[in-house]
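Worksheet for the structure shown next.
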Amino acid sequence: MNETKPKEVLPKRTLKLSQGIIYGVGCGIGGSIFVLLGLGIEYAGSGILLSLILGGILIFFTGLNYAELSTSLPIAGGAYNFGKEGIGGFLAFIIGFFLWIANVAMCSFSAQIFASVFKEVFIKLNIPISNTFITVIAILPIILTSLVIFRTQKVAIKALLIFTMVLIGMFAFFIIFGLIITPFTNPNIILTQIKFEGIIPAFLLLFILFTSITSNLAYLNPDLKNPSKNIPKTIIYAILLTIIIYLSITFIALINLGENPTGLTENPVLLADVFESVLGPFGFYFMVLAAIISTLIAINAALGSAVSVITALARDRFIPKKIQETKKRPDMPALGLLITIILVVLFVLFTGIRFTAEITNFIYFVGLAFVNFAAVKLRRTRKELDRPFKAPFFPFLPIFISICFLAFAVILGVIISIEALILGLVIFIIGIAFHLLTIADRSSINLTLTGIKFFFLTVLGMFIWVINNFSYRNPILILINRILIGVCVFTIVTVILDLTPLRELAYFYVRKMDKEKVAINIGNAQIIDLGKKRSKIIHFTNLVITIMQFIACGIIFSIVYFLFNNLLSIQDIILIIGTSVTYIPSTSGTALFISILIIFGLSLFFCGILSWQRNREFKSLGI
């Protein structure tokens with residue numbers, strides 16, 4: 001009997017070229033420029049203009065490859081879909097998984113900027129505010145965006161277009177008045193010196209300003225009218241306009257900051273401070289409003305893109321199909337949206353603004369390298385595809401761009417932010433583990449998770465030993481280590497019970513010591529009646545162990561929270577073994593400790609879920 005595949009219902013194309021360009025610019029000019037501009041100026045001085053130009057050139061060439069891929073495959077899924085069609089298989093899943101995480105991180109980054117803007121305003125008004133309240137402010141726009149704007153996708157796009165037009169007008173006001181009034185308020189215009197050694201680090205930091213243009217526009221392709229002509233124009237014009245806006249804003253900031261600017265690092269209201277020097281308090285609050293609008297746009301676009309990727313992964317059966325399910329109203333997949341929001345909130349709770357920017361850039365560098373490679377492979381393997389637009393200088397341009405992205409990912413991860421590299425590897429390992437677990441049976445899944453849990457239990461134990469013997473320990477760290485040792489001892493018990501369940505031990509005892517409980521002998525096999533009392537004890541004991549695994553997981557992630565928020569840190573480690581001396585700085589040691597704890601905590605969580613499901617099934621079967 002042949003099964004006929006249901007036809008995929010393609011969305012109606014409703015967006016014009018102008019709307020596509022505005023959408024692309026809106027995705028580009030998110031909140032990143034507000035919080036990272038000052039740090040970029042500290043890195044490169046006036047050379048930040050060269051850093052932005054370098055980022056613009058790289059994203060422009062990537063945009064040309066995106067234009068070719070989008071016109072030949074104008075369907076839902078964006079960059080993930082390009083990877084799936086061009087590379088396929090496991091790598092396609094990893095590309096999709098990475099891009100989903102990148103959009104989640106971008107959404108979290110924008111929410112953190114949103115909260116930090118309010119924090120600076122409260123400080124300016126001398127209103128005391130706690131860190132807990134700041135965290136609530138960061139989570140609020142995420143929840144509101146998901147509940148209100150994402151009631152339907154059309155409303156989401158329409159809201160983004162309106163916000164973007166308002167924001168472009170506000171930036172135009174900032175640029176024009178900045179050019180006109182600055183010569184009067186700052187007659188001796190002297191730009192800060194170019195720091196050539198900081199141009200590449202500034203570029204690696206600021207590339208997040210451009211990543212959302214191509215990636216988010218790729219998810220708009222199914223809605224654009226006349227895609228063969230409008231997709232390339234939308235991408236190219238949106239990139240060029242965004243570059244012009246960024247360069248103009250940065251130039252205005254530079255001519256107002258003068259030769260020796262101070263207090264720039266991670267100042268989310270830097271542009272507001274600049275405009276205050278031009279127009280007084282009105283200028284400050286005008287740009288604060290612009291920052292709020294830009295972060296809301298970025299949250300809107302990133303959350304929509306993340307949901308689009310996870311839906312496409314579910315569509316292709318890489319993850320459960322249920323994640324893709326939608327009702328008539330709303331038209332967003334509820335489960336996919338919920339999972340994405342939970343992960344965004346976790347990023348908000350456990351990562352800082354700068355680290356979130358670095359991990360977002362790192363993941364995008366790796367993801368975009370594979371997407372550019374997919375452009376090469378797709379043109380060679382899928383020659384039958386209609387290509388209304390072809391990227392120039394094939395195959396040299398996409399290969400060169402892929403190499404650049406991989407090189408920048410290595411530089412960012414190894415030289416600038418080892419933490420981003422470690423978290424990137426952790427995400428990669430989680431992706432591999434998830435993919436392997438979804439294609440395995442339950443016993444194999446249990447064995448795999450138990451193996452991962454035991455491995456990282458061993459690694460954690462060794463790391464605790466290293467900290468205790470080769471690093472300075474304050475009283476809090478000593479207490480944390482003792483708690484972790486207790487968790488490790490408990491985990492050894494769970495590993496034994498994962499490999500030899502309590503019920504199997506009870507059966508073994510009955511066969512050897514209480515033979516009258518053996519109900520039936522069938523050759524070498526036996527049917528054993530444990531009795532209601534023993535069964536209840538086993539169910540209760542398994543339930544307690546499961547709950548304790550979840551509690552241990554909560555303890556692990558609480559420690560991760562303290563480490564991420566610098567409430568707890570690992571001091572420099574000087575590992576002396578014989579004549580060999582290894583120095584691990586505090587930041588690297590803390591990042592490594594966090595990575596081990598995250599994977600260990602996740603293994604406890606998933607083993608707890610499996611244990612709970614197994615116990616529930618046995619209880620329902622009455623055994």
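Hydrogens, waters and symmetry mates play no part in the numbers below; they use all other heavy atoms, side chains included.
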Any residue meeting ring-ring contact (aromatic ring centres under 6.0 Å, His included) with Phe373, in chain and number order, not counting sequence neighbours = none

Which is it for Phe98 and Val309 under the side chain to side chain contact (heavy atoms under 4.5 Å, CB included) test, yes or no, and what are the steps along the way?
-> CA-CA 10 Å; Phe98 260 49; Val309 174; over 6 Å; no

Pairwise side-chain contact, Glu276 with Asp273, heavy-atom cut-off 4.5 Å (strictly under) | yes

Would you call Gln112 and Phe347 a side-chain contact if the rule is heavy atoms closer than 4.5 Å?
-> no

Would you check if the distance from the ring center of Phe408 to the ring center of Phe203 is below 6.0 Å?
-> yes

Close side-chain approach of Thr242 to Ile59, heavy-atom, < 4.5 Å | no

Out of curiosity, Phe122 CZ to Ile134 CD1, how far, rounded to the nearest 0.5 Å?
-> 7.0 Å

Expected output: side-chain Thr590 to main-chain Ile570 donor-acceptor under 3.5 Å = yes

Sidechain-backbone polar pair: Asn300 side chain, Leu296 backbone, donor-acceptor under 3.5 Å | no

If we only count heavy atoms from C-beta on, is the Leu17 to Asn226 side-chain gap below 4.5 Å?
-> no

Here the pair of heavy atoms bringing Glu42 nearest to Lys195 is O-NZ, 3.0 Å

Going through the checks in order, is the side chain to side chain contact (heavy atoms under 4.5 Å, CB included) test met by Leu52 and Leu209?
-> CA-CA 9 Å; Leu52 289 171; Leu209 273 64; 4.0 Å; yes

Looking at Gly63 and Ile239, what are the two nearest heavy atoms and their distance?
-> CA-CD1, 4.0 Å

So, for Phe286 and Phe282, is the gap between ring centers shorter than 6.0 Å?
-> yes

Of all the heavy-atom pairs spanning Leu241 and Val25, show the shortest one and how long it is.
-> CB-CG2, 3.9 Å

Please indicate whether Phe284 has more than 12 foreign heavy atoms, meaning atoms of other residues, nucleotides or ligands, lying under 6.0 Å from its CZ.
-> yes

Between Phe365 and Phe207, does the ring centroid distance fall short of 6.0 Å?
-> yes

Which heavy atom of Ile175 sits nearest a heavy atom of Ile245, and at what distance?
-> CD1-O, 4.4 Å

Heavy atoms, side chains only, cut-off 4.5 Å: are Asn65 and Phe61 in contact?
-> no

Mind listing the closest non-hydrogen atom pair of Gly178 and Ile252 along with its distance?
-> C-CD1, 3.9 Å

Below 4.5 Å, heavy atoms only, C-beta onward: do Leu343 and Ile101 meet side chain to side chain?
-> yes

Thr295 versus Val117: any side-chain heavy-atom pair under 4.5 Å?
-> no

Please report the closest heavy-atom contact between Asn230 and Lys225, naming both atoms and the distance.
-> ND2-O, 2.6 Å

By ring-ring contact (aromatic ring centres under 6.0 Å, His included) - contacts of Phe114 (at least two apart) = Phe118

May I ask you to decide if Thr192's main-chain N or O and Ser46's side chain share a donor-acceptor pair within less than 3.5 Å?
-> yes

Is a side-chain donor or acceptor of Ser305 paired with a backbone partner of Ala302 at a separation under 3.5 angstrom?
-> no

Polar side-chain atom of Ser110 near backbone of Met106 as donor-acceptor pair, under 3.5 Å | yes

Pairwise distance CG(Leu206) to CG(Leu36) - rounded to 0.5 angstrom | 6.0 Å

Around Tyr237, counting heavy atoms of other residues, nucleotides and ligands shown, do more than 12 lie under 6.0 Å from its OH?
-> no

N/O donor-acceptor pair under 3.5 Å between Thr71 side chain and Ala67 backbone | yes

Check whether more than 12 heavy atoms from other residues, nucleotides or ligands sit under 6.0 Å from atom CZ of Phe251, and answer yes or no.
-> no

Please examine the side chains of Phe196 and Ile199, heavy atoms only from C-beta on, and report whether any two atoms are closer than 4.5 Å.
-> yes

How long is the gap from OG on Ser108 to CG on Asn103, to the nearest 0.5 Å?
-> 12.5 Å

CD1-CG distance between Ile401 and Leu64, expressed to the nearest 0.5 angstrom = 9.0 Å

Would you confirm whether the ring centroid of Tyr246 sits within less than 6.0 angstrom of the ring centroid of Phe210?
-> yes

Are there more than 12 heavy atoms of other residues, nucleotides or ligands under 6.0 Å from atom NZ of Lys119?
-> no

To the nearest 0.5 Å, what is the distance between CG (Leu406) and CZ (Phe370)?
-> 6.5 Å

For Asn361 and Leu204, indicate whether the former's side chain and the latter's backbone hold a donor-acceptor pair under 3.5 Å.
-> yes

Check the pair Val278 / Phe174 against side chain to side chain contact (heavy atoms under 4.5 Å, CB included), numbers first and verdict last.
-> CA-CA 9 Å; Val278 176; Phe174 173 84; over 6 Å; no

Side chain to side chain contact (heavy atoms under 4.5 Å, CB included) assessment of Ile208 paired with Tyr364 = CA-CA 8 Å; Ile208 193 173; Tyr364 267 124; 5.7 Å; no

Atom pair CZ/CD1 of Phe163 and Ile292 - distance to nearest 0.5 Å = 11.0 Å

Side-chain donor or acceptor of Thr250 paired with backbone N/O of Leu247 under 3.5 Å = no

